[in-house]
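Working notes for the structure below.
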Amino acid sequence: SSNDKVTIYFINRDGMKLTAEGNLEDSLLDVVVNNDLDIDGFGACEGTLSCSTCHLIFEDDIFKKLEPIVDEEMDMLDLAFGLTDTSRLGCQICIKKWMDGMTVKVPQDISDARQHMDIDTSS
Ligand code: FES
């Protein structure tokens, strides 16, 4: 039902705010894909924890409420560019009702751990 939908805002690499709808228990990667959000290079490994292109930055309060991080995510996150204290991998975050209306930030730069290739979005 529409009750199970939450709205998530993404601040894209260019600073533009994108609005998306997600279903409970979808991952944030699912939300990006299902809403066809135009986020450069996002989710390159399709959620198999082998890139770090789904790196997202959360607000403090939100970050504290997320499910604990597991070693596999930590290892991959370590390879992400522009890592912050409130960084997580979007493909590992499942949508909960309380996330309705939250805003997540897409970092400026990404690196795809599989390709050892950096994508410079500024050029
Ligand atoms: Fe590759 Fe999340 S999409 S680690």
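Read the numbers this way: they start at 1 and go in the same order the structure lists the ligands and their atoms. Because only heavy atoms are used, hydrogens play no part in the values below, and waters and symmetry mates are left out as well, while side chains stay in. These numbers come from a predicted model, not from an experiment.
- Atom numbering of ligand 1 starts at 1 in the shown order; those under 4.0 Å from a heavy atom of Leu49 are 4 (S).
- Here Ile11 contributes atom CD1 and Met16 contributes atom CE; the two are 10.0 Å apart, rounded to the nearest 0.5 Å.
- The two atoms that bring Asn34 and Asp26 nearest to each other are ND2-OD2, 3.7 Å, heavy atoms only.
- Every atom of ligand 1 with a heavy atom of Gly47 under 4.0 Å away is listed here by number and element: 3 (S).
- In this structure the side chain of Met99 never reaches within 4.5 angstrom of the side chain of Lys65, judged on heavy atoms.
- A 4.5 Å side-chain heavy-atom check between Phe10 and Val31 finds at least one atom pair inside the cut-off.
- Taking every non-hydrogen atom of Gly43 and a distance limit under 4.0 Å, the qualifying atoms of ligand 1 come out as 3 (S).
- Residue contacts to atom 1 (Fe) of ligand 1: Cys91 brings no N, O or S atom closer than 2.8 Å.
- Atoms of ligand 1 found under 4.0 Å from any heavy atom of Cys45 (numbered from 1 in listed order, with element): 1 (Fe), 3 (S), 4 (S).
- Note on Cys51: counted as a metal contact of atom 1 (Fe) of ligand 1, an N/O/S atom lying under 2.8 Å.
- In Asp75, the CG atom is crowded: over 12 heavy atoms of neighbouring residues, nucleotides or ligands sit closer than 6.0 Å.
- No side-chain heavy atom of Phe81 sits under 4.5 Å from any side-chain heavy atom of His55.
- Residue-ligand proximity, Cys54 to ligand 1, at heavy-atom distances under 4.0 Å covers atoms 2 (Fe), 3 (S), 4 (S).
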